[in-house]
Every structure is written in structure tokens, then in C-alpha cells.
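Ligands are counted one by one from 1 in listed order, and the atoms in each one are counted from 1 as well.
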Amino acid sequence: PPAEPLLSVNGIEVIYNHVILVLKGVSLTVPRGGITALLGANGAGKTTTLRAISNLLQGERGEVTKGNIEYKGEKVERLTPADLVKRGVVQVMEGRHCFAHLTVEENLLTGAYTRSLSRADQAGALERVYTYFPRLKTRRASQAGYTSGGEQQMTAIGRALMADPDMILLDEPSMGLAPQVVDEIFQIVRDLNQRESVSFLLAEQNTNIALRYADYGYILENGRVMMDGAAASLTANEDVKEFYLGIG
Ligand code: ATP
């Protein structure tokens, strides 16, 4: 039998403000150790799906009204975002959300707040981040707000890594970044996946780049999964080429 997935989202419906039905029964699974992409146009429901998983809907006046979410075999819809972080699920929000007035290193340290680490362990956790993001080490004392967009995205991912996650939910990592920087970031994601066995669920409008790095993809359209498959088969699919890869 196939191994139990790390995460499974089972037919969730999400409503904002009691009336706006945005997810109309979304199901997906994230295997242990994989990179899974959540694809689709602006407004398709990618961010909403990630928010549902990490329980960040409440602040947006949204709620899961049907279906359920299981992580490591446990139903998690009732857990707080902080509980999820402790269990190993960390979301990197769209738009990066660094604390602009804190240094890069201070930003990273905020990611470890659920762990109450000793000083030595904190230093070790920082070094682990710097191994993957050497650029952040050279920028460690800079105010995050003055670093480049790519460095801010790296800081946001590095901060997630400080929580020692099993799974990172990454929202639109390519947004607003030059292609070369996007590649650099996706290569680091692949490294983290392979060397630290962090599993990823990443939401991306940039189908090209996402399918180059992901193992498997789900394409959302208007709050529903309209297609899913191995990255190679999606890349070869004529409809995907025409509507999402711009090379039809
Ligand atoms: P994006 O690339 O913009 O993040 P997305 O695929 O992630 O797109 P969502 O952000 O999940 O899409 O949005 C899906 C739909 O839900 C959109 O129509 C959006 O307007 C609506 N929506 C999102 N957040 C809210 C909210 N807080 N209140 C009401 N509607 C919302």
C-alpha cells in the first residue's frame, strides 16, 4: 500500500464573510519528502488553501465549512497556527512579511519563538539557515527592509526553517523577483527538500518554474482542482501548455 501522506486535504469548502464561497471542495495530498505545487491563476484559491491548512483563515473572516485536513494522520482544523508550528507545519506568507526594522538575523530568530532554544542551540539553528542561505550571513546585521526582494524572500524561508519544520507552505515565492533570483530560491528549496527532508507545498502562479522543481502539481481553477498529476505529465499536457505555460 502507498505510504500515508504527510498531509491530506479532504474536500474542503471555504467561505469568507459567511457568504463568499471560495473553495468548492478541494482535495489534495502532500507526500512525505515531496515538493508539491499548487498552481492556478490569480484568485483561483491557492492562498486560501494554504491559509486553511495553517489555520490562518480566521483573521481573514474565513472558515472551513466542509471537509477536513489531516496531518500525520491527525485532524488539525481545530489547532491554532502556533500549535501547527510546534507540530512542524510552517507557512511562509505571500509578500514575504519580514519585520522591516529588525535585522535579518533578528528576523530569523523570531522563527524559533515556539522552540525556546538555549543560546547554543539558537546559534546552531542560525548556522543551519546560513548554510543554505550564505547570502543572509553576509547580510545578517542589515535591516531587513533595506535588503533586496530576493534576500527578503530568503529571510522569510530562513525564518520558517528556524522552527525546524517537517513541512513548509510557501506562498508565491517567485512574486516580484527576477528570474535568476527565482531560480536561486527554488534551488535552495530543492536542497532543503533533499538534504533536510522538508516537504513543501508551494503555491505559484509561475507554472513554468514550479513544475521544474515540483514532483507533483494540482491546478486550481475557480476554487476547484481541475487537474493534477506528476510534474512531467502536467508539463507535457496540451491544455496546461496552452493555458499555463504560455508555450502552446
Ligand atoms: P493570489 O495569487 O491572488 O493569491 P489565489 O489563487 O491565492 O490568488 P486567493 O487569494 O485564495 O487566490 O483568493 C481566492 C478568492 O477569494 C478570490 O476571489 C479573492 O478575491 C477571494 N478572497 C480572498 N481573501 C478574501 C477575504 N479575506 N475576504 C473575501 N474574499 C476573499
Closest candidate by heavy atom, reference atom 16 (O) of ligand 1, pool V22, N42, T49, L57: V22

Contacting atoms of ligand 1, where contact means under 4.0 angstrom from a heavy atom of E60: 27 (N)

Closest contact, heavy atoms only, V225 versus S27: CG2-O, 3.7 Å

Ligand 1 versus R51: contacting region, heavy-atom distance under 4.0 Å: side chain

Distance-only side-chain donor-acceptor flag, T48 / Y16, under 3.5 Å: yes

Flag side-chain contact, heavy atom, 4.5 Å: V189 against L170: yes

G45 heavy atom under 4.0 Å from ligand 1: yes

Any donor-acceptor N or O pair under 3.5 Å, side chains T110, N107: no

Contact atoms of ligand 1, heavy-atom distance to Q205 under 4.0 Å: 2 (O)

Shortest protein heavy-atom distance from atom 4 (O) of ligand 1, along with the residue and atom involved: T47 OG1, 2.8 Å

Exercise: identify the closest heavy-atom pair between S199 and G33: OG-N, 2.7 Å

Steps toward side chain to side chain donor-acceptor pair (under 3.5 Å) verdict (E105, Y130): CA-CA 10 Å; E105 187 155 296; Y130 293 141; 2.5 Å; yes

Heavy atom of R61, distance to ligand 1 below 4.0 Å: no

Any non-hydrogen protein atom less than 4.0 Å away from atom 6 (O) of ligand 1: yes

Nearest protein heavy atom with distance in Å, relative to atom 31 (C) of ligand 1: Y16 CD1, 3.4 Å

Pair K137 + E127, salt bridge at N-O below 4.0 Å: yes

For ligand 1, the portion of T48 having any non-hydrogen atom under 4.0 Å away: both

Atoms of ligand 1, numbered as shown, that sit under 4.0 Å from any heavy atom of K46: 2 (O), 5 (P), 6 (O), 7 (O), 8 (O), 11 (O), 12 (O)

Steps toward salt bridge (Lys or Arg N to Asp or Glu O under 4.0 Å) verdict (R128, D164): CA-CA 10 Å; R128 175 182 179 217; D164 199 22; 3.2 Å; yes

Where ligand 1 meets E94 - atom numbers and elements under 4.0 angstrom, heavy-atom basis: 4 (O)

Closest to atom 8 (O) of ligand 1 (judged by heavy-atom distance), picking from G59, A41, G43, A44: G43

Candidate list D228, L39, V26, test side chain to side chain contact (heavy atoms under 4.5 Å, CB included), partner L220, passing option: V26

Contact atoms of ligand 1, heavy-atom distance to I20 under 4.0 Å: 29 (C)

D183 vs R212, salt bridge (Lys or Arg N to Asp or Glu O under 4.0 Å): CA-CA, chis, key distance, verdict: CA-CA 10 Å; D183 254 314; R212 262 196 278 140; 3.5 Å; yes

Proximal atoms of ligand 1 relative to E172 (non-hydrogen, under 4.0 Å): 2 (O)

